[in-house]
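Numbered from 1 within each chain, the chains take letters A, B, ... in sequence-line order.
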Amino acid sequence: MQSVKQVLSGEMLGKPVAVRGWVYRIRSSGSIIFAIIRDSTGIVQVTVKKGAVPEPDFEAAASSGIESSVTVEGTLAEDKRAPGGYEVRATGFTVVGPSEPFPITEYQSTELLLDQRHLWIRSREQTAVMKIKDSLLRGARNWFHENDYVEVTPPIITGVSAEDSTTLFQLKYFDRFAYLSQSAQFYLESLIYSCERVWALTPSFRAEKSRTPRHLTEFWHLEMEAAWVDNEGNMKVQEELLSAMLSSATDECAAELRHLGRNPAMLSKISPPFERMSYSEAMDELQKKGCDVSWGSDLGAVEERELTKDKEQPVFVVNYPKELKPFYMKENPDDARTYKNSDLLAPEGYGEIIGGSERETDNALLIERLRDVGENMENYQWYLDLRKYGSVPHSGFGLGLERTVTWICKLEHIRDAIPFPRTIARVYP
RNA sequence: GCCGUCGUAGCUCAGUCGGUAGAGCGUCCGCCUGUUAAGCGGAAGGUCAACGGUUCGAGCCCGUUCGACGGCGCCA
């Protein structure tokens, strides 16, 4: 048995080959049938001629529809007319699992594709995205390992929110309520006192009623936290990590990137250091471009697009006003109106993919800020404890994996960066 | 939460001024030994999202509801 990739390499030219997979396209011209077979490595044309295979095999080929699973034996031949330049001339054709008429044809609406998601993920586009995502994750995991980070496993069920501003999914937890995690940050912070450098990949949940091409209610969150690291060091980790992830994808998945319309050479050019711009500088630039913003207003989708639409590399925006960010960030000693934090914006208008900061170590400040936003202090007791026993300067960030994939794969919507997207209107399939 | 668009055959859509429901693809049958979303001939296939209203008559006009999609806000 050969993979389609092996077959298309041509190394078996003139020899017997066997492939198995699914019918991707099939056409008949009477006594010759052209079947395009797909497996996880690619697609290849098979010709089935009457007389060249046993009659039952010919009938099986003639009656097999799109997505039937099949095994084919034959001889590998070179043929300019075949896509890929090679074809398998069948001597045997067996249907393993017949297929009813496939619901997805060449004309597809967004709604149909989302309703039939369990079938649409067989598409070449979706397969390419999954492979690229896999490669990005491998690149990240390798980078963390090489840089002495410990991969840890924080809880998904929690009793407290990491960010007061966001909405939580509540669940019944025996005789009380608990919540699905929206960030592992507090748990990672508590692990730096022993492991020093930690990271985790976990699902995060946001119950916000966001209807945009950049939001999922369930997404994969790649988070890192490190002791003895300041905000500048934090940004260095981000740019090195992201570059390592990009190298992995361009090395392993160049063909998949091209299939999605993304030129891998453009991604290869991205390397540290990334451009840094203060929030105040961003505001000045936006005002010059005619945006209706003033110091203190948040960067919305329009503003992020305006700042990055002509960039080829990601851009850090640093030192946001405190009002726009959560309570746990460290005050900027050079401008007390702002925090020592950074958002990393992807180029081409794709927007924020990472948010990070140096963390506040002064419990008095943390308590004051929590009081200001009306939080129940009991929920934060264990978090405040962390500052009582050997507190150290530390920083961390969270990367939205699907947002990163959306940018790298040049997708129009984040739902295509995950096989089964969970959005405000979708939990099926 | 706010603004907008849409809902007609399995799928993608057209449907004019309110007057007998249409096409392409898919499916089924027939023809075809080099197709590339193959081609040719034929057939089957409809609660026009739901409910209510106007009208002699509603897919079309009005109202309500439901669903989906696009954009904004919030965030990664």
Is [X] close enough to [N] that one of its side-chain N or O atoms is under 4.0 Å from OP1 or OP2 there?
| X | N | answer |
| --- | --- | --- |
| A:T105 | B:G26 | no |
| A:R25 | B:G26 | no |
| A:R211 | B:C72 | no |
| A:R214 | B:C74 | no |
| A:K49 | B:U33 | no |

Now, which nucleotide makes the Watson-Crick or G-U wobble pair with [N], with each of the two distances under 3.5 Å?
| N | value |
| --- | --- |
| B:G1 | B:C72 |
| B:G57 | none |
| B:A9 | none |
| B:G30 | B:C40 |
| B:A21 | none |

Under a plain distance cut-off of 3.5 Å, with no hydrogens placed, do [Y] and [X] share a side-chain donor-acceptor pair?
| X | Y | value |
| --- | --- | --- |
| A:Y339 | A:E331 | no |
| A:H215 | A:E208 | no |
| A:Q45 | A:Y86 | no |

Provide the distance between the two [atom1] atoms, one in [N] and one in [M], to the nearest whole Å.
| N | M | atom1 | result |
| --- | --- | --- | --- |
| B:U64 | B:A76 | C1' | 39 Å |
| B:C17 | B:C25 | C1' | 32 Å |
| B:C11 | B:C48 | P | 15 Å |
| B:A49 | B:C31 | C1' | 41 Å |
| B:C62 | B:A44 | P | 36 Å |
| B:A14 | B:A9 | P | 12 Å |
| B:G10 | B:G19 | C1' | 30 Å |
| B:G59 | B:C2 | P | 33 Å |

Assign [X] to base, sugar-phosphate, or nothing according to its heavy-atom contacts below 4.0 angstrom with the strands shown.
| X | answer |
| --- | --- |
| A:G351 | nothing |
| A:I354 | sugar-phosphate |
| A:P213 | sugar-phosphate |
| A:E87 | base |
| A:Q45 | base |
| A:I353 | sugar-phosphate |
| A:T212 | base |
| A:R89 | base |
| A:D298 | sugar-phosphate |
| A:A82 | base |
| A:S109 | sugar-phosphate |
| A:S28 | base |

Could you state the atom-to-atom distance from [atom1] of [X] to [atom2] of [N] in whole Å?
| X | N | atom1 | atom2 | answer |
| --- | --- | --- | --- | --- |
| A:N234 | B:A76 | CG | P | 14 Å |
| A:W120 | B:U12 | CH2 | P | 13 Å |
| A:I104 | B:U12 | CD1 | P | 11 Å |
| A:Q182 | B:C74 | CD | P | 16 Å |
| A:Y428 | B:A68 | OH | C1' | 15 Å |
| A:L345 | B:A76 | CG | C1' | 12 Å |
| A:R124 | B:A37 | CZ | C1' | 14 Å |
| A:D79 | B:G34 | CG | C1' | 8 Å |

Could you please name the option among [options] that lies closest to any side-chain atom of [X]?
| X | options | value |
| --- | --- | --- |
| A:K209 | B:G1, B:C74, B:C69 | B:G1 |
| A:R415 | B:G1, B:A76, B:G70 | B:G70 |
| A:S210 | B:C75, B:C74, B:G34 | B:C74 |
| A:A301 | B:C72, B:U35, B:A68 | B:C72 |
| A:R81 | B:A76, B:U35, B:U33 | B:U35 |
| A:E208 | B:U33, B:A76, B:C75 | B:C75 |
| A:A425 | B:U27, B:U35, B:A68 | B:A68 |

| query | Would you say A:F219 stacks on B:A76, if stacking means ring centres under 5.5 Å apart and planes within less than 30 degrees? | reply |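 Check passed, A:F219 stacks on base of B:A76.
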
| task | Decide side chain to side chain donor-acceptor pair (under 3.5 Å) for A:Q185 and A:Y328; before the verdict, give the C-alpha distance in whole Å, the side-chain angles of both, and the deciding distance to 0.1 Å. | result | CA-CA 10 Å; A:Q185 180 192 322; A:Y328 50 72; 3.2 Å; yes

| field | Partner of A:Y279 under side-chain contact (heavy atoms from CB on, under 4.5 Å), chosen from A:D298, A:T338, A:D335, A:L299 | value |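 That would be A:L299; it is the only one of A:D298, A:T338, A:D335, A:L299 passing the side-chain contact (heavy atoms from CB on, under 4.5 Å) with A:Y279.
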
| Closest-nucleotide 5' rank along RNA chain B - winner of A:L114 and A:K50 |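 By nearest-heavy-atom nucleotide position, the 5'-most residue is A:K50.
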
| query | Which sits closer to the 5' end of RNA chain B, A:G355 or A:F102, going by the nucleotide each is nearest to? | reply |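 Final value for this comparison: A:F102.
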
| Among A:E375, A:E360, A:E323, the one residue meeting salt bridge (Lys or Arg N to Asp or Glu O under 4.0 Å) with A:R369 |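 The single option meeting the salt bridge (Lys or Arg N to Asp or Glu O under 4.0 Å) with A:R369 is A:E360.
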
| request: Determine, stepwise, if the pair A:E281 / A:R276 fulfils salt bridge (Lys or Arg N to Asp or Glu O under 4.0 Å). | output: CA-CA 10 Å; A:E281 288 165 346; A:R276 284 141 168 80; over 6 Å; no

| Is A:R359 close to A:E225 at the side-chain level, that is, under 4.5 Å between some pair of heavy atoms? |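 In short, these two side chains touch, coming nearer than 4.5 Å.
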
| request: Apply salt bridge (Lys or Arg N to Asp or Glu O under 4.0 Å) to A:K340 and A:E232, showing your working. | output: CA-CA 9 Å; A:K340 290 179 77 174; A:E232 178 57 31; over 6 Å; no

| Ionic contact status for A:E348 with A:R305, cut-off 4.0 Å |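 No, this pair does not count.
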
